Amino acid sequence: SFALIYTYLKISMIRPSGRLANVRAHAGIFERSSPIPSTPSMGAGMKAARLPAKRLRRFLAVLGPGIVTGAADDDPSGIFTYSQSGAQFGLGQLWTVLFMLPLLIGVQEMATRIAIATNQGIATVIRKNYSKVWLYGIVGLLVLTNTINLGADLGAMAESSRLLVNLPYIPYVLIFGVAGLLLEILLPYRRYAPYLKILTVSLLAYFITGFIATQNWRRVFRAVFLPQIHFDFQFLMILVGVLGTTISPYMFFWQAAQQREEDQESGKTGKGFIPGLIRDMRIDTFTGMIFSQIATWFIILTTGEVLYTHGVHTIRSAAQAAAALEPLVQRFPHSGKISELLFALGILGTGLLAVPIFAASSAYAICDSFGWRDSLALRPRQARVFYGVIVAGTAIGASLNYLRIDPIRALIYAAVLNGAAAPPMIFLLIRIAGKKEIMGSYTSGAASKIFNWITFACMTAAVVLAGYAFLFPAR
């Protein structure tokens, strides 16, 4: 509630510039062309009535890469990792959502600020200012995690689709891999992404089910504000997975790349545009990450209240994960099938949003590393290497499913790998965002630096503790 109020107050102070000026211009045309005669009191009343609509239009005008990145953050790997957290530990890790929110916002704001201040992709900035060891190390780590995550998400989509039509597993993987490629190559991502978001509305089922299934809200808030931390390997591994699937490396590169493309398409690349772009980007990032974490919170809450309390502590199939939604539809005939349908739609929607982002963020990083053309706005013949990397990444990710690794475990391991890969990337981004010779006068502020160093320290500590608990298990 406080976050939403803060966003509203920030919106109310926005001055119309760039895209927002168009909103005011259209509003002005409407005012001048109105044929209805008005008295002073009528005019004041109409002006007051139009004010909320204007603010809403201004708010919607600034939403872009941040809201898409936030939606893709709850990808199949995230959904299954959060579900496993709730099933295995109940409400024991519910506190992580509130803890991660400012850290997630801070890191995404920092990565996108770099793109705005330099008008370059993150890999380009690293190439021009750091050694090849840093460049190839960071890009190689990103491509590795993205490819594994892409394969795991395709596997989850295939497994979830079998809840609807029980076809063989591998054909589903190939269908979704090819479908993702065709969409990404033949259509601009921004054109079809809004339609995929409609499928993700099924994630609201977790929101409603959480209210239905929760009986003791005092216990819930105690779990949020009085954290419990256990130093055994299973708890720490899932904790690293929750952190890694929330604060993921691909999100840094994707949002920065999309922000750069949006600025270049709109012609806002000069220094005079930077303050307004940063202001709009903050609202965009703030909003996208809030909605992402609301979904996360309710997934952990719902699975904790439904699966954990009924003795399901390890999710071994998509059907078990879908069972968390049964309280929502238990009064309907075939409630089990309805819950599986809702779950499958959510997985398919988030998967089709996320899979192109995994492939494209790898392509952006590789092409920026060598100065090659890269943009989803370009046609394949204009950026052959860029689209070639997208095709290769998707093909390799899909082929990982031939190894017959359990798709549910693969999703959680992919999240843990993200958690292990994030700290060195965050460290380098903090260094870049603090250098005036790179950022000019738009370096990160003191509060941003504090939150980002806390993020780096916490994620590093979680990885180290999990590794220690694995090597030296408690007896």
Side-chain angles (χ1 to χ4, degrees), residues 1-7 66-67 69-108 197 200-229 235 238-248 251 285-309 315 321-322 324-325 327-328 342-343 346-347 349-350 411-412 415 418-419 455 458-459 462:
S1 299
F2 283 118
L4 292 175
I5 291 170
Y6 175 79
T7 304
I67 200 73
T69 305
D73 191 24
D74 292 313
D75 69 317
S77 177
I79 293 173
F80 274 95
T81 303
Y82 303 142
S83 297
Q84 180 59 42
S85 173
Q88 190 167 353
F89 303 108
L91 306 181
Q93 294 188 352
L94 194 60
W95 59 271
T96 59
V97 180
L98 185 64
F99 176 76
M100 289 187 299
L101 178 59
L103 308 185
L104 174 62
I105 292 173
V107 171
Q108 290 302 124
K197 291 177 195 175
T200 66
V201 171
S202 59
L203 293 178
L204 290 175
Y206 284 100
F207 179 85
I208 302 170
T209 308
F211 279 103
I212 294 174
T214 302
Q215 303 296 325
N216 187 346
W217 285 97
R218 181 177 296 179
R219 181 170 61 89
V220 171
F221 289 114
R222 189 184 303 119
V224 172
F225 295 106
L226 297 175
Q228 294 183 359
I229 302 177
F235 185 92
I238 298 298
L239 179 62
V240 172
V242 169
L243 289 169
T245 198
T246 303
I247 305 174
S248 300
M251 294 170 60
T285 301
F286 200 91
T287 306
M289 301 311 129
I290 284 176
F291 282 110
S292 168
Q293 290 306 93
I294 288 174
T296 298
W297 196 83
F298 275 98
I299 291 172
I300 297 177
L301 172 65
T302 301
T303 52
E305 290 292 303
V306 178
L307 300 183
Y308 179 82
T309 56
I315 297 177
L325 299 176
L328 177 63
L342 290 172
F343 179 80
I347 292 294
T350 58
L411 289 165
I412 297 172
N418 274 336
T455 305
C458 290
M459 296 194 73

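Owing to the predicted nature of the structure, the values given are computational and were not obtained by experimental measurement.
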- Item | Counterpart residues, side chain to side chain contact (heavy atoms under 4.5 Å, CB included), relative to A213 (two or more places apart) |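 Counting only residues at least two positions away or on another chain, A213 forms a side chain to side chain contact (heavy atoms under 4.5 Å, CB included) with E305, V306.
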- State which residues pass salt bridge (Lys or Arg N to Asp or Glu O under 4.0 Å) with R222; sequence neighbours excluded, sorted by chain then number.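 In terms of salt bridge (Lys or Arg N to Asp or Glu O under 4.0 Å), with neighbours along the sequence ignored, R222 is linked to no residue.
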- Indicate whether the side chain of D74 and that of T296 have a donor and an acceptor atom separated by less than 3.5 Å.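 Distance-only check passes for D74 and T296.
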- Message: When you compare the side chains of S85 and Q93, does any donor N or O come within less than 3.5 Å of an acceptor on the partner?
- Response: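 Yes, side-chain donor-acceptor contact under 3.5 Å.
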Drop me the distance from [X]'s [atom1] to [Y]'s [atom2], to the nearest 0.5 angstrom.
| X | Y | atom1 | atom2 | answer |
| --- | --- | --- | --- | --- |
| F235 | I229 | CZ | CD1 | 6.5 Å |
| T303 | I299 | OG1 | CD1 | 8.0 Å |
| N216 | L91 | CG | CG | 9.5 Å |

- Message: Walk me through whether L104 and D73 qualify under side-chain contact (heavy atoms from CB on, under 4.5 Å).
- Response: CA-CA 11 Å; L104 174 62; D73 191 24; 4.0 Å; yes
- Task: Show your reasoning for whether side-chain contact (heavy atoms from CB on, under 4.5 Å) applies to T287 and I67.
- Result: CA-CA 7 Å; T287 306; I67 200 73; 4.0 Å; yes
- Query: Got F343 and I79 here, is their nearest side-chain heavy-atom distance under 4.5 Å?
  - Reply: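 Yes; the side chains approach each other to less than 4.5 Å.
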- Heavy-atom check, side chain of T302 versus side chain of I212, under 4.5 Å: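 In short, these two side chains do not touch, never coming nearer than 4.5 Å.
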- F298 and ring pair (Phe, Tyr, Trp, His ring centres under 6.0 Å): which partner among F211, Y206, Y82?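 The option that passes is F211.
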- Derivation and outcome, side-chain contact (heavy atoms from CB on, under 4.5 Å), residues L103 and V107: CA-CA 6 Å; L103 308 185; V107 171; 5.6 Å; no
